[in-house]
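One structure is given here, and the rest of the page talks about it.
Every chain is numbered from 1, with letters handed out A, B, ... down the list of sequences. Every value quoted in this text rests on a predicted model; they were computed, and no experiment measured them.
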Amino acid sequence: MRVSQLFGRTSKTEGADYKSPSHRLLVQGGFVRESTAGRYYMLPLGQVVHSKITDVVRRHMNDAGAQEVLMPTLHPLELWAETNRTTTTGFELMKITDRRGADFALGGTAEEMAVDLVRKFNVSYKDLPFNVYQFSMKFRDEMRARGGLLRVREFVMKDAYSFGTEVQFKETYQQMWDTYVAIFTELGLKVDVVAADNGYIGGEYCHEFIVESDQGESRYFIDETSGYAAHEDVATFKVDDKNMDEELRDLQEVEAVRGTTMEDGVKLHNLPLWQQTKDVLFFDEATKRYILAIIRGDFDVNETKLMQVAGAWELRSATEEEIREDLDSEPGFISPVGFVKKGRKSGRPVVIVGDKSLRTVRNMYGGNNKKSADLLNINIDRDYKPDIEADIALAQPGFTGPDGGVLVEKKGIEVGNIFQLGYHYTNLMHDAEYTDEQGKRQKYYMGCYGIGIGRTLAAIAEAHHDDKGILWPDNVAPYAVYLAPLGESENVLAAADSLYEDLRKAGVAVLYDDRNAARAGEKFADADLIGLPYRIVVSDRSLQNGQFEVKHRSSQEAQLLEKDNVIKMVAAK
RNA sequence: CGGGGUGUGGCGCAGUUGGUAGCGCGCCUGGUUUGGGACCAGGAGGUCGAAGGUUCGAGUCCUUUCACCCCGACCA
């Protein structure tokens with residue numbers, strides 16, 4: 001490819017709005033250009049990288065026995081209604097109506113489509129397991145796009161859907177896990193495989209593949225000694241017993257003229273924070289229930305865990321008005337002891353969820369559902385009984401992980417995930433069945449597996465750059481060589497032209513900076529910015545001994561080589 | 001969705017009390033240059049986000065609206 005003919009150009013000036021390095025460098029290097037917020041044009045240079053990533057993913061998926069298909073972009077809305085996801089998805093569904101009034105969802109993920117596709121066939125147990133995947137544009141009505149390609153509203157995703165028996169699934173899941181590790185390794189990314197929340201996809205467990213980066217939005221914890229890795233949403237930790245040797249003392253109400261914070265309670269009673277009850281009141285818009293979360297005072301409530309155990313979807317804090325008028329309590333003085341079972345005015349049910357940490361403390365203290373009154377010596381079972389008891393605590397850095405090591409907090413970019421879906425979709429959708437050995441109909445046990453191609457591209461740029469530009473790993477570099485003749489002497493141009501042809505004959509992808517008007521500094525700056533693995537300079541100086549100057553992007557030093565050796569060197573990659 | 005900010009040529013920006021739009025980069029032409037983003041001369045390119053209003057006159061004032069950026073969407 002000749003630079004003189006390449007559409008899209010590099011830019012010397014940095015945009016003011018680019019917060020992440022990958023965003024800035026991808027725009028400056030002429031890889032992408034923004035359309036509107038969260039929607040990008042992929043320019044020729046960027047598109048080559050994009051398709052190289054796609055090629056790597058495709059090759060590994062095929063090696064794993066998965067089969068590529070392509071599904072429609074518009075999904076019949078009835079399918080989403082079948083699984084109830086028109087209301088319960090974590091992302092806002094984008095909808096479209098055609099001229100006949102038929103409703104469609106713009107695909108944001110395609111579990112329903114995959115099931116619908118498969119049930120159109122009369123599948124036998126002999127056909128199982130199988131795994132179909134596609135590369136297709138996904139639409140997400142994100143509240144806020146950010147970080148360039150890191151969080152967008154429209155992107156190409158590789159999404160795979162496996163069908164089989166429960167026994168077969170375990171193998172498929174592990175196979176996809178291994179395949180993903182191989183893919184990201186080949187792409188030059190080091191990933192942490194992290195247990196995560198399955199959210200709107202459904203199912204019981206899943207893992208995210210995260211590239212550690214300060215630009216990432218995913219927070220997770222790692223226990224370096226055991227390898228335990230879990231997303232913040234699901235991370236568990238060991239809870240130490242506090243004062244379990246104490247005798248249970250009698251429940252007692254005391255006057256408490258104090259502010260409404262936890263700290264105020266600690267000061268007033270001169271008791272440890274961990275002995276206080278933390279009482280957090282939520283309302284779930286989806287199921288129209290109040291949810292009162294009770295936890296030990298030194299911990300915080302993990303809303304994701306809370307939603308999981310309470311079956312809630314759209315949690316918000318209860319308002320002060322609701323607390324006073326409907327629930328007969330007082331902000332800052334909420335207590336599970338004697339808390340109303342349903343809203344006095346609204347009649348809406350109240351669910352009390354207690355964290356397991358409540359069983360590590362005795363004689364707790366806290367509010368009494370009215371202003372300026374506290375209770376001392378609150379004890380679970382005796383004084384109150386949660387409707388649900390579970391782990392709803394948020395892990396913090398420094399806590400002891402489930403395997404006994406210290407939890408270290410990390411931030412990263414989620415480039416892929418694998419989900420166990422189980423029977424979730426096949427239970428909800430009709431005819432999602434195959435015929436077993438006995439001729440009986442059985443439901444499929446499913447999994448799904450996603451990789452965001454654009455985000456992976458950005459993650460590579462985040463992981464491999466310096467202040468001058470990107471350093472593309474060999475496998476995804478848009479070209480292997482940046483060929484830059486300096487000056488306009490016929491000697492130089494002839495040598496560069498001939499090297500260009502010879503490199504191409506040797507199968508080396510070359511970006512040939514044939515711009516006569518461009519000066520050396522410009523060519524060097526562009527070479528660094530675009531970040532191809534090798535830069536070859538042709539100049540009168542180098543040609544004095546019939547040599548060419550070769551420099552690797554990651555190296556400071558260049559070397560002078562004869563043509564044959566130049567070709568040998570760069571073709572080896 | 002809440003709060004704050006910004007919309008002027010491809011990019012980055014200036015534009016005074018309202019008086020008919022400018023700078024740098026980039027682009028085009030010619031010339032001088034040529035190993036880390038050169039210099040000289042000439043040139044093209046703008047419904048000032050959009051709509052409405054006030055005014056003799058609006059980039060500037062008023063109203064409405066749209067887009068984009070940042071922060072937040074949480075512990076009583």
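Comparing A:Glu522 and A:Val280 by the nucleotide of RNA chain B whose heavy atom lies nearest to each, the residue mapping closer to the 5' end is A:Glu522. The residue among A:Ala518 and A:Asp300 whose nearest nucleotide of RNA chain B is located toward the 5' end is A:Ala518.
Atom CZ of A:Arg33 is separated from atom C1' of B:G12 by 12 Å (rounded to the nearest Å). A:Ile295 places its CD1 atom 14 Å from the C1' atom of B:C74, with the value rounded to the nearest Å. For the pair A:Asp298 CG and B:C75 P, the interatomic distance rounds to 18 Å; values are reported in whole Å. The CG atom of A:Leu306 sits 13 Å away from the P atom of B:C74 (whole-angstrom rounding). Between the CG atom of A:Leu327 and the P atom of B:A76 there is a distance of 17 Å, rounded to whole Å. Between A:Lys12 atom NZ and B:C11 atom C1' the separation is 12 Å, expressed in whole Å. The interatomic distance linking A:Asp467 (CG) with B:G36 (P) rounds to 18 Å, in whole Å. Rounded to an integer number of Å, the gap from A:Lys278 NZ to B:C74 C1' is 11 Å.
The distance between the ring centers of A:His231 and A:Tyr220 does not fall below 6.0 angstrom. For A:Trp472 and A:Tyr479, the distance between ring centers is not under 6.0 angstrom. Checked against the 6.0 Å centroid criterion, the rings of A:Phe237 and A:Phe299 qualify as a close aromatic pair.
The side chain of A:Arg535 has B:G36 as its nearest neighbour among B:C75, B:G36, B:C68. Listed candidates were B:G36, B:A76, B:G37. Nearest to the side chain of A:Thr10 is B:G37. Comparing atom distances between the A:Arg9 side chain and each of B:G10, B:C74, B:G26 picks out B:G26 as nearest. Comparing atom distances between the A:Thr13 side chain and each of B:A76, B:C69, B:C11 picks out B:C11 as nearest. Here the nucleotide nearest the side chain of A:Glu303, chosen from B:G37, B:C75, B:A76, is B:C75. Here B:C68 is the nucleotide among B:C68, B:G37, B:C75 with the atom lying nearest to any side-chain atom of A:Thr36. Minimum atom distance to the side chain of A:Asp526 is reached by B:G37, of the listed B:C11, B:A76, B:G37. Taking every side-chain heavy atom of A:Ala525 into account, B:G37 is the closest of B:A76, B:C11, B:G37.
Across B:C69 and B:U54, the matching C1' atoms stand 32 Å from one another, rounded to whole Å. When the P atom is used for both B:A51 and B:G59, the distance is 12 Å, rounded to whole Å. B:G5 and B:C48: their P atoms are spaced 24 Å apart (whole Å). Rounded to whole Å, the C1' atom of B:U34 lies 27 Å from the corresponding atom of B:A44. Atom name C1', nucleotides B:G45 and B:U8: the rounded distance is 14 Å, in whole Å. For the P atoms, the distance from B:C74 to B:G2 is 15 Å, rounded to whole Å. Spacing between B:G19 and B:C62 at atom P, rounded to whole Å, works out to 15 Å. Across the P atoms, B:U20 and B:C25 are found 26 Å apart, a figure rounded to whole Å.
Looking at heavy-atom distances under 4.0 Å, A:Arg541 makes contact with a base. Within 4.0 Å of A:Ile323, counting heavy atoms only, lies at least one base atom of the nucleic acid. As judged by a 4.0 angstrom heavy-atom cut-off over every strand, A:Glu549 is placed among the base-contacting residues. When heavy atoms are screened at a 4.0 angstrom cut-off, A:Leu281 is found touching base atoms of the nucleic acid. Within 4.0 Å (heavy atoms only), A:Ala318 reaches at least one base atom of the nucleic acid.
Across all strands shown, B:A50 pairs with B:U64; the Watson-Crick or G-U wobble distances both stay below 3.5 Å. Base-pair partner of B:G72: B:C1 (Watson-Crick or G-U wobble, both distances under 3.5 Å). Across all strands shown, B:G26 forms no Watson-Crick or G-U wobble pair with both key distances under 3.5 Å. For B:U20, there is no paired nucleotide, since no Watson-Crick or G-U wobble pair has both relevant distances below 3.5 Å. Remark: B:A38 base-pairs with B:U32. Criterion, Watson-Crick or G-U wobble with two distances under 3.5 Å.
Side-chain polar atoms of A:Ser335 and A:Asn368 form no donor-acceptor pair below 3.5 angstrom. For A:Tyr290 and A:Asp326, the side-chain atoms include at least one donor-acceptor pair closer than 3.5 Å. Donor-acceptor pairing under 3.5 Å is lacking for the side chains of A:Asn243 and A:Asn363. No hydrogens or angles considered: a donor-acceptor pair under 3.5 Å links the side chains of A:Asp197 and A:Gln308.
No side-chain donor-acceptor contact under 3.5 Å links A:Lys345 to the backbone of A:Glu325.
Phosphate proximity of B:G37 to A:Arg519: absent, as no side-chain N or O sits under 4.0 Å from OP1 or OP2.
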